[in-house]
Amino acid sequence: AWSFLGCCLSRGSSAGERALQYTVGQKIHGFTVKEVTAVPDLFLTSVKLSHDATGAQYLHAARDDSNNLFSVQFRTTPMDSTGVTHILEHTVLCGSQRFPCRDPFFKMLNRSLSTFMNTSRTFYSVINSTSIGCEKDMLFFFRQEGWRLEHKTPTDPSSRLMFKGVVFNEMKGEFSDNERLYAQRLQNKLLPDHTYAVVSGGEPLAIPDLTWEQLKHFHATHYHPSNARFFTYGDLPLEQHLQQIEEEALSKFERTEPNTAVPSQTHWDKPRVDHVTCRPDALAPDPMKQNTLCMSYLLGDITDTFETFTLSLLSSLMISGPNSPFYKALIEPEIGSDFSSSVGFDGSTRQASFTIGLQGMAEADTETVKHIIAQSIDDIIATGFEEEQIEALLHKIEIQMKHQSTSFGLALASYIASCWNHDGDPVQLLKISENVSRFRQCLKENPRYLQDKVQHYFKDNTHRLTLTMSPDERFLEKQAEAEEQKLQQKIQNLSDADHKDIYEKGLQLLAVQSTTQDASCLPALKVSDIEPIIPYTPVQLGTAGGVPVQCCEQPTNGMVYFRAMCNLNSLPEDLKIYVPLFCSVITKLGCGELDYRQQAQRIELKTGGMSVSPQIIPDTDDLDLYEQGIILSSSCLDRNLPDMFQLWSDIFNSPHFDDEQHLRVLVMMSSQELSNGISYSGHMYAMTRAARTLVPTADLQETFGGMDQVKFMKSIAEMTDLTSVLRKLPWIKRHLLNPENMRCAVNATPQKMSDAAGEVERFMGNIAANRKERKPVRPTVVEVRSLDPQAASSASRKLISEPHFKPCQMKTYFQLPFNVNFVSECVRTVPFSHADYASLCILARMMTAKFLHGEIREKGGAYGGGARMGGGGLFSFYSYRDPNSTQTLSAFRGGVEWARAGKFTQQDINEAKLSVFSAVDAPVAPSDKGHDILTHLYLGVGQQTCGVAILGPENESIRKDPSWVVK
């Protein structure tokens with residue numbers, strides 16, 4: 001609930017002081033000021049206004065932050081599952097009267113230094129127009145983005161008819177994800193009376209029922225200033241923006257009375273039970289345990305901000321970490337693989353809800369899980385929570401308020417959206433300290449305050465849904481049959497004239513999609529507008545106990561950030577695949593005198609989190625040279641510095657590797673998370689696999705984070721005895737947590753840097769016994785010193801060289817139970833320092849915007865696709881939730897031919913440069929300043945060596961092609 005928090009700059013905000021000068025009742029360009037409030041917790045001043053003529057609401061958060069944000073949201077309440085809100089969102093972003101070109105949002109990514117430009121639900125980061133634009137053009141885009149009947153090959157009227165459309169394919173992909181499917185059905189069935197009963201994004205088989213007339217009517221009734229909430233953030237000039245919004249948009253409208261409010265759900269007088277089915281998961285940790293069961297409780301109205309704050313806290317106390325009662329009762333007995341991803345507090349709907357339950361469980365355990373949930377609620381009412389648990393949670397809120405984020409405005413907009421959307425007070429949400437103080441007072445006045453809430457909202461609550469989900473072997477088959485039946489119903493009603501019309505419209509849409517767009521109507525920066533020099537981050541370099549230390553003084557708002565890099569050159573090859581598992585469990589097994597529960601509590605109470613993750617850093621000059629290691633990362637309030645480093649000392653000196661049962665719990669959770677992530681991040685897995693035979697770093701990345709790691713973790717999860725795994729962890733620890741192979745960095749305020757440096761020195765002394773020079777496994781180790789003249793005293797980095805690595809081509813197909821594909825092709829090119837590297841970065845951006853977007857998304861119907869140039873010398877093509885497979889590979893090759901033929905202009909090149917610069921110039925938080933110096937990570941078709949990978953449904957033509965490896 002508070003993950004948005006994080007302050008960007010220091011106190012005494014001049015933007016906030018200027019905003020405090022506005023007065024209630026003041027008239028500004030057709031708006032009236034309603035409220036002016038200082039919010040010292042977040043160093044901002046809020047100004048609430050309303051538009052006199054239309055009633056549009058406006059909130060400005062004035063703050064000294066140049067990373068400004070503009071957004072407008074509409075309250076959209078669909079009453080069917082045709083996806084009208086989703087398709088309308090896509091369609092209006094395809095152009096307007098004022099900006100009559102296809103996809104102005106995508107084009108603006110290459111014409112500005114925007115750090116974010118997107119929509120979520122019906123929440124826009126920019127307003128484009130005052131009408132739906134040219135109706136003829138928009139009808140084309142409705143068919144492209146929503147759905148259409150079209151020949152498989154639009155130019156061949158003899159090819160079969162099929163459903164096409166970007167949203168249609170996106171939602172097919174969405175419903176391939178079992179956990180998302182479950183979450184959708186859970187909401188539909190818990191709130192069945194109004195808009196939450198339908199699939200707002202669109203049920204794939206309901207989408208073809210949406211007509212153009214219905215879309216236009218929905219736009220007319222919902223996309224109106226009287227139904228709008230404007231939000232601006234940062235140090236932008238408020239009055240100038242109000243004037244522009246009034247003159248260019250709002251002055252053209254009159255007030256309406258939009259009937260878009262969501263009524264309260266009628267409270268049930270008795271609990272309900274329901275069941276849904278899903279596809280089997282071939283990568284489930286235990287193939288015999290693929291059921292899900294949750295109990296979901298309807299809570300209070302989210303516009304009661306303090307009650308919502310309290311219930312969100314209560315939710316965290318019940319489920320977060322190994323000290324929480326539901327973790328102890330449901331996770332540790334190994335009944336399921338993990339909590340369902342729906343578990344927890346949900347404040348996105350008009351009335352909040354809390355869900356508790358498991359995924360990866362056996363059907364036979366259904367009654368057991370129900371009993372455990374009921375018993376746990378009784379136990380909480382009887383015993384409550386330890387004071388230290390509550391303090392750890394409140395400490396987490398304090399950390400999140402102090403942590404500085406570069407996307408604060410965007411996160412703020414998302415945080416207030418739901419409450420404001422349902423006519424709650426968004427400013428009240430921002431008064432975090434006030435809510436914390438009131439919460440403490442409630443506990444002081446009534447020690448059973450939280451137990452009484454559990455009694456009221458859980459024990460005595462009759463509005464409770466128990467929803468189970470089980471796999472159906474024919475699930476995808478039934479979906480395909482239902483889609484075919486729907487298609488045949490549509491086709492049977494077609495006349496000869498309709499057939500002819502479909503063919504002609506297919507050709508017309510293809511012609512529109514193939515037309516080069518004139519984007520000159522859109523605003524654009526010039527390359528000459530860009531600052532030519534990247535700001536330099538000064539750091540001080542020294543040593544502590546023989547370990548190189550980098551100190552970076554930053555305005556961290558009372559926080560201290562610590563990172564360390566340890567190489568794994570001496571780790572035996574057969575243990576490398578265990579590194580991600582080691583990283584995920586090393587901070588969760590207990591250490592020193594603390595068992596794993598006490599360790600988790602101490603980490604929550606004294607730090608902002610402690611993590612370890614694998615790290616692969618390609619060399620900037622040689623594709624076959626790289627650094628391999630792990631990154632240790634943590635943060636804390638400066639008053640807790642000694643406690644944070646004591647925790648790290650205990651992890652280095654005396655980690656616990658003796659609890660097989662707890663390791664099994666962590667393994668199951670990790671394996672389930674990896675399995676669930678494939679349908680969401682399939683394009684990343686495809687790119688990793690496609691690259692694995694091209695450069696050594698990609699082969700190692702496949703081991704650490706590709707399909708190899710997914711299958712390895714599944715095999716570990718299936719083991720009946722984890723003793724052999726447990727025995728490997730101390731060996732890995734000896735090689736990895738070794739000060740001999742370490743360098744570290746600290747970011748803190750100038751006032752606290754000497755304290756932090758002293759604690760690092762003490763830490764290095766505490767762990768000195770772990771220091772041992774170990775022989776590297778790979779024979780060729782290259783020592784590289786920094787090119788930075790200020791870094792002359794720094795220790796060298798020890799890189800692995802693989803001079804005999806032979807790149808080779810491989811085509812891999814992973815047959816998975818999805819109904820969309822994830823496609824990738826990677827090409828080995830040149831390292832970062834090569835003269836052609838920058839050109840390839842620009843080519844990737846330009847090819848994406850000017851060719852691949854049109855071919856893969858607009859024509860092909862995939863949700864996304866493009867090309868990117870990575871710092872490791874890999875030029876990667878990809879597609880996401882794609883109805884096509886080999887056709888997309890042809891589009892990739894078409895992109896190469898398009899570039900070879902020079903079918904681009906100087907303006908195209910300039911726009912691609914701006915796109916690259918937007919990544920280079922993106923704001924960097926004080927916590928992350930100097931991080932690239934520590935890791936030597938940089939920005940991130942020549943040779944003929946390439947690799948290909950596809951994750952997707954059964955594909956007969958690929959299966960019969962001997963050039964593919966099918967898995």
Side-chain angles (χ1 to χ4, degrees), residues 90 93-96 99-119 125-126 128 137 141 144-145 166 510 512-527 529-530 683 687 823-825 827 829 837-870 874-882 888 890-922 939-941:
H90 278 241
L93 295 180
C94 285
S96 64
F99 300 114
C101 68
R102 258 195 347 263
D103 275 336
F105 265 54
F106 280 102
K107 289 178 172 60
M108 282 302 295
L109 290 172
N110 280 1
R111 297 171 71 86
S112 71
L113 293 184
S114 163
T115 53
F116 174 86
M117 197 175 287
N118 204 347
T119 67
S125 59
V126 71
N128 256 350
D137 287 344
F141 298 135
Q144 170 186 288
E145 298 295 317
V166 173
L510 191 60
V512 170
Q513 292 168 335
S514 302
T515 305
T516 302
Q517 293 288 294
D518 177 11
S520 60
C521 60
L522 297 173
L525 287 173
K526 298 185 180 70
V527 174
D529 295 330
I530 309 301
H683 61 309
M687 282 191 280
V823 186
S824 179
E825 182 166 4
V827 183
T829 60
Y837 180 84
S839 300
L840 287 165
C841 285
I842 291 163
L843 176 63
R845 302 288 180 126
M846 185 170 65
M847 195 187 289
T848 298
K850 303 300 178 181
F851 183 83
L852 294 172
H853 176 77
E855 295 295 314
I856 296 171
R857 180 181 166 111
E858 293 180 351
K859 294 180 186 176
Y863 185 57
R868 60 177 65 171
M869 181 63 191
L874 292 167
F875 192 98
S876 304
F877 298 91
Y878 66 93
S879 72
Y880 183 74
R881 290 185 177 167
D882 190 345
T888 299
S890 298
F892 296 159
R893 286 185 276 277
V896 175
E897 293 307 315
W898 172 87
R900 277 184 178 157
K903 295 180 180 178
F904 48 84
T905 64
Q906 184 59 46
Q907 177 63 24
D908 296 337
I909 295 171
N910 291 341
E911 288 179 9
K913 288 180 182 178
L914 285 171
S915 179
V916 172
F917 290 144
S918 71
V920 176
D921 289 344
L939 227 193
V941 180

Show your reasoning for whether side chain to side chain contact (heavy atoms under 4.5 Å, CB included) applies to V823 and Y878.
-> CA-CA 5 Å; V823 186; Y878 66 93; over 6 Å; no

Sorted by chain and number, sequence neighbours left out, side-chain contact (heavy atoms from CB on, under 4.5 Å) with F851 holds for E855, W898

Output all residues satisfying side-chain contact (heavy atoms from CB on, under 4.5 Å) with Q906, sequence neighbours left out; order by chain, then residue number.
-> I909, N910

One should read off an interatomic distance between M847 CE and M869 CE, to the nearest 0.5 angstrom, of 11.5 Å

Identify the two heavy atoms, one from S879 and one from D882, that lie closest to each other, and give their separation to 0.1 Å.
-> OG-OD2, 2.8 Å

In a check of side-chain hydrogen bond (donor to acceptor under 3.5 Å, both in side chains) between Q513 and each of E858, Q144, K859, which one passes?
-> Q144

Main-chain N/O of A862 paired with R857 side-chain donor or acceptor, under 3.5 Å | no

Are the side chains of F892 and E825 in touch, meaning some heavy atoms are under 4.5 Å apart?
-> yes

Applying side chain to side chain contact (heavy atoms under 4.5 Å, CB included), run through M846 and L843 and close with a yes or a no.
-> CA-CA 5 Å; M846 185 170 65; L843 176 63; 4.2 Å; yes

Could you state the interatomic distance from CZ (F875) to CG (L840), rounded to the nearest 0.5 Å?
-> 6.5 Å

Roughly how far, to the nearest 0.5 Å, is NZ of K903 from CZ of R900?
-> 13.0 Å

So, do Y880 and I856 sit near enough that their side-chain heavy atoms are less than 4.5 Å apart?
-> no

